[in-house]
Protein chains: 2
Amino acid sequence: MIACPKCSEVGSIMKAGYVRNKQRYVCKNCNYFFTLSAPEQLSSTKKSRRHQTTIIDIARSIGVSNSTVSRALHGHVDINPETRQAVLDMAAKLDYQPNQLAYNLVKSKTNTIGMIVPEFHNPFFPNVIIGAHDVLTAEGYNLTIMQSNESYAVEVSNTKAMLANRIDGLLISLTQETNSFEHLQVFEKRGIPLILFNRVCDDVAAPKVVVNDFEASFMAVEHLILNGYERIAHLGGPLNLLVSRERLRGYRAALEKHGKSIEEDLIIQGMLSQQKARIYGKYLLELENRPDAVFAVNDSAAIEIMLMAAEKGIRVPEELGVVGFSDNPESAYIGPGLTTIRQPTLEMGKTTAKWILQMLDAEEEMNFPQERILKTELVIRGSSLRKA
Amino acid sequence: MIACPKCSEVGSIMKAGYVRNKQRYVCKNCNYFFTLSAPEQLSSTKKSRRHQTTIIDIARSIGVSNSTVSRALHGHVDINPETRQAVLDMAAKLDYQPNQLAYNLVKSKTNTIGMIVPEFHNPFFPNVIIGAHDVLTAEGYNLTIMQSNESYAVEVSNTKAMLANRIDGLLISLTQETNSFEHLQVFEKRGIPLILFNRVCDDVAAPKVVVNDFEASFMAVEHLILNGYERIAHLGGPLNLLVSRERLRGYRAALEKHGKSIEEDLIIQGMLSQQKARIYGKYLLELENRPDAVFAVNDSAAIEIMLMAAEKGIRVPEELGVVGFSDNPESAYIGPGLTTIRQPTLEMGKTTAKWILQMLDAEEEMNFPQERILKTELVIRGSSLRKA
DNA sequence: AACGTATCCGCAAACGTTACCGATACTTTT
DNA sequence: AAAAGTATCGGTAACGTTTGCGGATACGTT
């Protein structure tokens, strides 16, 4: 028979249902409900969680209160130097590691900046990350990176995860697919600093860091024109990206300035995977009246064009001028060298990070300058030098 | 006169020192100590912290308890479907975002894996990151990345930060400088899963993921030998890195197998910045009896050699064979193409990540296989094809 | 003595969740 | 109808910090 844990009666116990698969009892005598704890089922599985020494441990071992320890560890004023030293010694002795999680919870901040990038394969974003990482860690912040993989759905889920993890601020570069922005407006609503970089949009009231795509594109195309190229094709990015539109605008503007007619069938926009680049390149180079130059929106597409030209026996730069965008490492080494536009990637990371730190410092919502435009540089190599 | 906030006596108040610059009083009647709160100093500065809706808010608005809400949100069994729906609706209505911080604290885990890499400039580590990131996010884990910048001190501080942030596991690739390992043994002591990859050492009892550096190096050098090169120099990495030693070992073994003598002054070890590569390359190419091939420990050094050879009018591959290591993107495009060893970077990231997830699943400290060796691939391009 | 001052320390309430242990009302079985 | 079982829900103690404010003590000053 079972005895009541409370009144120790033995005859008065009866069953009272199940609680989570455990038989439940009630004592008719003292009306006490209880379950029998599982017969100590030898659960060596349960691996008693290794105890991390906490502030409380320190407090107990030297006979002061938690608050004293906390204050001592943070160099607070209201503390006796001797006490402080004792705390510090004991902390060292017990190998105390502060629990950032508890700190985060009580302070409701994480000292972490989030960053979402669409992809990782070009050296562009890794470089931006380096830049941001450098200035953030120098200021004691962490950086957690997520990759949206050019998918809007993933981007949304990433932002949600960032919110749940209570990052202090977010740096984001949008997906090719991103056309709606509620997931970003949340940050504004919550008062969490947000900065868009590189792949930006106009629908979010947040600071933006970009490069001078229009000017860069203009420079590139003008450079081709000045080198005697007449019919310049444009292999552009998807038009829902602002950068693509800006670069297209620059292309058109340069042609117009120099009185060239714009041939719409020499303009192709779309997301430029390597495969697509091959398809579009084939189309362009097999046109019966083929262009004598191509301005591509990124270096890999430009390189694809150069390789294809080589296959077809079209000489670069004599019969075909090529200019890319980004200055990937391989662009310096290919064929005659690819003329391209170098982007200040590291600087972009650094300025973005510095900016968000400023926003964090300023408790008040200041009127920040809304956009920062970084300068690119035209790197002239062999692929565009017909005149010389 | 001042009235006692407790007993409302008026005449019995007298000063009792200062506390944090505020006048303090004591009531002689009820012996109550108090300070007068500052006269409500209109602090609109204080920007009332925007309230995040919590579980408690939901609970209150539909008149249930916190536990019920928590259970409802997690699809627990013990819950009435109607209640669950009500909770879910209210959560949506109030735009509830779970506070991961609180969750982390109570569960003492963060669903986050840390990763420390020495640098970011080669495409190698970014690619590893992509691989790891993919499998981790697929399993609902986050990845926070830190960069030790090839500095031991930074590496140590990184690991400390990781510990403080209570990551669930750590993936690390060591610094060139790292020769002591207490900062890693801590993880073992704490029972936090740890995996070394690429830059590993033997002094830490943790799983390791590496490539077959020895074999790869052997293959590369043998390939040079089979192509008729006689005196093969080796531009190696710093010898405290295991990879460097393995590659050196492979180099020696290949020479020995084919009965070549090993000329020690054709072997240079050291950290291969671009500048150093130039210096060493100059030394090698200006040797009065210069080598007819170079096996470099990374592609950038190999490319530096090729460029320098071009400057000096030394023809590659006719007069100088070159083989690199890593297959950087530029290696496919330079000069005659750089023969090099392709490393399975993505796979390295993936296997490392999968492995640590296994370790997390297995509560017990299982006997994991201690090392996993991934296969590399010799990519043969023009820079080493003299025979053909 | 009686009062004023400065210094140091402790109490306890947050922070938002989770999960254990019960409790209640209702349904089914004996 | 009593006993047993089921389905839901609530109370509350953790988790480890930080911090506002009250309390105690020792010392200085009338």
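We name chains A, B, ... by the order of the sequence lines, and we start the count at 1 in each one. What's counted below: heavy atoms across the whole structure, side chains too, no hydrogens, waters or symmetry copies.
Distance A:His74 NE2 to D:dT17 C1': 8 Å, rounded to the nearest Å. For the pair B:Gln97 CD and C:dT17 P, the interatomic distance rounds to 11 Å; values are reported in whole Å. When the C1' atom of D:dT18 is taken as reference, atom CD1 of A:Ile55 falls 8 Å away, rounded to whole Å. In this structure, CG of B:Asn111 is placed 16 Å from P of C:dT17, rounded to the nearest angstrom. We find that CG of B:Asn80 is positioned 15 Å from C1' of D:dG10, with the value rounded to whole Å. Distance CD1 (B:Ile56) to P (C:dA14): 11 Å, rounded to an integer number of Å. Here the C1' atom of nucleotide D:dC15 and the CG atom of B:Leu101 are 13 Å apart, to the nearest Å. As rounded to whole Å, 20 Å separates atom P of C:dA14 from atom OH of A:Tyr103.
Judged purely by distance below 3.5 Å, without hydrogens or angles, the side chains of A:Ser65 and A:Thr68 pair a donor atom with an acceptor atom. A donor and an acceptor atom, one from each side chain of A:His51 and A:Asp57, are located under 3.5 Å apart. In the model, A:Thr112 has no side-chain atom that pairs as donor or acceptor with a side-chain atom of A:Thr144 under 3.5 Å.
The residues A:Asp78 and A:Arg84 are annotated as not salt-bridged, no charged nitrogen and carboxylate oxygen being separated by less than 4.0 angstrom.
When all heavy atoms of B:Ala161 and B:Met146 are compared, the closest pair comes out as CB-CE, 3.8 Å.
Here the side chain of A:Thr54 is nearest to one of C:dC8, D:dG16, D:dT18, namely D:dG16. The side chain of A:Asn99 has D:dT17 as its nearest neighbour among D:dT17, C:dC9, C:dT17.
For A:Arg71 and C:dG10, a side-chain-to-base donor-acceptor distance below 3.5 Å is present, hydrogens and geometry of angles not being considered.
If you check every strand for non-hydrogen atoms under 4.0 Å, A:Ser70 touches a base. Across all strands shown, A:Leu105 has heavy atoms under 4.0 Å from base atoms, whether or not it also approaches the sugar-phosphate. At the heavy-atom level, A:Ile79 lies under 4.0 Å from the strands shown only through sugar-phosphate atoms.
Side-chain nitrogen and oxygen atoms of A:Lys109 include none within less than 4.0 Å of the OP1 or OP2 phosphate oxygen of C:dC15. In terms of phosphate contacts, A:Thr83 brings a side-chain nitrogen or oxygen within less than 4.0 Å of OP1 or OP2 of C:dC9.
Contact check of residues 57-67 of chain A against DNA chain C (heavy atom, cut-off under 4.0 Å) returns A:Gly63, A:Val64, A:Ser65, A:Ser67.
Here the rule is side-chain contact (heavy atoms from CB on, under 4.5 Å) with A:Ile58, and of A:Val64, A:Val69, A:Asn66 only A:Val69 fits it.
Of the two residues near DNA chain D, B:Val106 and A:Leu73, the one whose nearest nucleotide lies more 5' is B:Val106.
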Audit row: B:Gln52, A:Arg190, side chain to side chain donor-acceptor pair (under 3.5 Å) steps and yes/no: CA-CA 8 Å; B:Gln52 291 273 71; A:Arg190 292 261 169 79; 2.5 Å; yes

